[in-house]
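Computed from a prediction, not measured in an experiment: that's the story for all the values here. Order of the sequence lines fixes the chain letters, A, B, ..., with proteins taken first and strands second; residue numbering starts at 1 for each chain.
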Number of protein chains: 2
Amino acid sequence: MTTRPLDTFDKSIIRALQRDASLSQRDLAEKVGLSQNACWRRLTRLREEGVIMGQTIRVNMQALGQGLTVYAMVRTRHHSLAWLEKFRKSVLAIENVVDFYRIAGDYDYMIKIVARDMNDFDRVYQKLIGDNELETVTSYIAMEAIANGRDIPA
Amino acid sequence: MTTRPLDTFDKSIIRALQRDASLSQRDLAEKVGLSQNACWRRLTRLREEGVIMGQTIRVNMQALGQGLTVYAMVRTRHHSLAWLEKFRKSVLAIENVVDFYRIAGDYDYMIKIVARDMNDFDRVYQKLIGDNELETVTSYIAMEAIANGRDIPA
DNA sequence: AGTGAAACCGCACTTTG
DNA sequence: CAAAGTGCGGTTTCACT
């Protein structure tokens, strides 16, 4: 992973686009204080370098009918490479899995799941524990999303 | 929150744009199987209704120098409305906080934090426990991001 | 600063429930 | 009848040279 240090302009571009990626080149250039041309060249470069990896929309999960968020903390029973590989594949195959981290601490993995409702979550949960021999799964049901997917500091 | 049921076309539009929001109207329309005009009208409507809430870029956190992710599980000591309100404000004021959920279970809140490194995280941690009287904070350090911010099922 | 392309949006139908 | 689709075309705005 190449890691060219980003200067103030680059960071400023990234901050502006995280907030609103629909900005036109003209508005972006103005906002960061560069000429359109210079700004465009930097943007192109940031994309090429993989600093900017793509563009998505922010969606209203309630409106999409995916109003339930659950964090599942998992302790595994097996630790062979083959088993772990199979476990990962199995988890990633579930489209309800939004985040998936290997962590340090009392648990081995942290899985963020979105679902339509409790029934739907239970389906995911059963699949999770049915397909993999796990030591423990502790689920934390989200009661309220106070903040979700805020911008990465830049 | 009004929740008009979304039909197959709406969902298809949302799926396509979550994957790549830089799609042109022509390509989007073609992908979902609508005329450009109809597709544009639906898109405008989805935005107006707040189903699509905006547009962001996906960034490479390593390249941005924010390579550390930590989940902090918090149990609070106070439960008065005023205290909770102050607590929320205090947490949201920290730009390193990416997600912030009120949860059910052994803990009250789940805070996802990104930081440059352990030193930087410790700064955030000290601020968190310094500004608020908390019962417990348990931190899970992410060792590896296997998946991060995958698309919401639609 | 120029150019080709894309977004935007009204209009006149047609289609479907 | 109402709601949503299609295709056309002109103006404005944008990306990129």
Please lay out, stage by stage, how Tyr101(A) and Tyr140(B) fare under the test ring pair (Phe, Tyr, Trp, His ring centres under 6.0 Å).
CA-CA 10 Å; Tyr101(A) 285 91; Tyr140(B) 294 98; over 10 Å; no
Checking Arg15(A) side chain against Pro153(A) main chain: does a donor-acceptor pair fall under 3.5 Å?
no
Any chance the rings of Phe87(A) and Tyr109(A) have centres within less than 6.0 Å?
yes
Between Asp10(A) and Arg47(A), does any side-chain N to carboxylate O distance fall below 4.0 Å?
no
Could you tell me whether Arg75(B) sits above the aromatic face of Tyr107(B), with NZ or CZ closer than 6.0 angstrom to the six-membered ring centre and within 45 degrees of the axis?
yes
Between CZ of Arg45(A) and C1' of dC16(D) the distance, given in whole Å, is 19 Å
So if I take residues 16-32 of chain B and measure heavy-atom distances to DNA chain C, which residues fall below 4.0 Å?
Ser24(B), Gln25(B), Arg26(B)
Could you tell me whether the side chains of Asn37(B) and Ser35(B) share a donor-acceptor contact shorter than 3.5 Å?
no
Phosphate-side-chain proximity, Trp40(A) and dC16(D), N/O vs OP1/OP2 below 4.0 Å
yes
Going 5' to 3' along DNA chain C, which nucleotides are the first and last within contact of chain B (any atom under 4.0 Å from a heavy atom)?
dA6(C) to dC11(C)
Between Val97(A) and Arg150(B), does a side chain to side chain contact (heavy atoms under 4.5 Å, CB included) hold up when you go through it step by step?
CA-CA 7 Å; Val97(A) 170; Arg150(B) 299 211 304 179; 3.7 Å; yes
Identify each atom pair where a protein N or O and an N or O of nucleotides 5-9 of chain D are less than 3.5 Å apart, giving names and distance.
| unit_1 | atom_1 | unit_2 | atom_2 | d |
| --- | --- | --- | --- | --- |
| dG5(D) | OP1 | Arg42(B) | NH1 | 2.0 |
| dG5(D) | N7 | Arg41(B) | NH2 | 3.3 |
| dT6(D) | OP1 | Ser35(B) | N | 3.4 |
| dT6(D) | OP2 | Ser35(B) | N | 2.9 |
| dT6(D) | OP2 | Ser35(B) | OG | 2.7 |
| dG7(D) | O6 | Asn37(B) | ND2 | 2.8 |

I'd like to know whether Met118(A) forms a side chain to side chain contact (heavy atoms under 4.5 Å, CB included) with Ile141(A), so could you lay out the CA-CA distance, the side-chain angles of the two residues, the decisive distance to 0.1 Å, and finally the verdict.
CA-CA 10 Å; Met118(A) 272 298 167; Ile141(A) 312 290; 3.4 Å; yes
Between Ile94(A) and Ile111(A), does the side chain to side chain contact (heavy atoms under 4.5 Å, CB included) criterion hold? Intermediate values first, please.
CA-CA 11 Å; Ile94(A) 304 173; Ile111(A) 308 174; over 6 Å; no
Would you find more than 12 non-hydrogen atoms of other residues, nucleotides or ligands less than 6.0 Å from Glu30(A) atom CD?
no
